[in-house]
Amino acid sequence: MRIPGDPPRDSSALIATEDVVRYAVEAGELVEQSVGVGWYEEHGNDVDRAALTLCRLRRASAGRHGSPGHGDDAVRDALDGVNTGAIVWLLSRAISYMDETGFPEAVEPWFPEEEPAA
């Protein structure tokens with residue numbers, strides 16, 4: 001209820017907070033259940049959903065707090081209690097995706113002394 005004379009409240013902050021909490025709760029479970037799921041045969045699988053949820057968590061937390069660092073912190077917090085094997089599985093998916101979408105070529109100019117493997 002709005003009290004006359006009170007400034008209007010920004011409901012987007014409340015929505016962002018709800019998103020952060022929901023994604024943080026879901027993320028760990030999704031990462032755990034993605035172990036062993038391949039990503040070359042089926043798109044939109046459990047490992048993709050886990051990565052998507054972590055990205056959404058990062059964006060929501062960064063937006064809520066006004067800093068990308070807060071988004072990174074939220075992802076680290078969400079992964080803190082997750083089984084190491086599950087994190088390794090997800091990380092291998094992330095590296096695969098980065099490799100296939102041109103990350104190595106994008107950062108090679110920053111490392112001119114290192115020659116790419118043939």
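What you see is a predicted model; the values in this text were computed from it and never measured.
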Item to complete: Check the pair W39 / S34 against side chain to side chain contact (heavy atoms under 4.5 Å, CB included), numbers first and verdict last.
Response: CA-CA 10 Å; W39 46 83; S34 73; over 6 Å; no
Worksheet item: Do M98 and I95 have side chains that get closer than 4.5 Å, going by heavy atoms?
Response: yes
Worksheet item: Is it true that V107 and Y97 fall in one hydrophobic cluster, defined by side-chain heavy atoms closer than 4.5 Å?
Response: no
Worksheet entry | Working for side chain to side chain contact (heavy atoms under 4.5 Å, CB included), residues L52 and R49 | CA-CA 5 Å; L52 173 63; R49 182 178 302 283; 5.5 Å; no
Fill in: Heavy-atom closest contact (A62 atom, P68 atom, distance)
CB-CA, 3.8 Å
Practice prompt. Answer with yes or no whether the hydrophobic clustering places V47 together with L91; edges join I, L, V, M, F, W, Y residues whose side-chain heavy atoms lie under 4.5 Å apart.
Written response: no
Practice prompt. Give the C-alpha distance, both sets of side-chain angles, the deciding distance and a yes or no for side chain to side chain contact (heavy atoms under 4.5 Å, CB included) between L54 and L79.
Written response: CA-CA 9 Å; L54 287 166; L79 293 174; 4.0 Å; yes
Discussion item. Between S96 and Y40, do the side chains contain a donor N or O and an acceptor N or O under 3.5 Å apart?
Written reply: yes
Discussion item. Any carboxylate oxygen within less than 4.0 angstrom of a Lys/Arg side-chain nitrogen, looking at R56 and D19?
Written reply: no
Worksheet item: What closest approach, in Å, do L90 and A50 show between heavy atoms, and which atom pair accounts for it?
Response: CD1-CB, 4.4 Å
Worksheet item: Are Y23 and L30 connected in the hydrophobic side-chain network, where two residues link if heavy atoms are under 4.5 Å apart?
Response: no
Discussion item. Run the side chain to side chain contact (heavy atoms under 4.5 Å, CB included) test on R93 and D48 for me, step by step, so that the C-alpha distance in whole Å, both residues' side-chain angles and the decisive distance to 0.1 Å come before the verdict.
Written reply: CA-CA 8 Å; R93 171 63 176 119; D48 290 338; 3.1 Å; yes
Response to the item:
Rounded to the nearest 0.5 Å, the OG1 atom of T53 sits from the CD atom of E26 at a distance of 5.5 Å
Worksheet item: Is a donor on one side and an acceptor on the other found under 3.5 Å between the side chain of E32 and the backbone of A86?
Response: no
Worksheet, complete the sentence: Between V82 and I87 the two heavy atoms that sit nearest each other are O-CD1, 3.7 Å
Worksheet item: Any side-chain heavy atom of S61 within less than 4.5 Å of one from D73?
Response: no
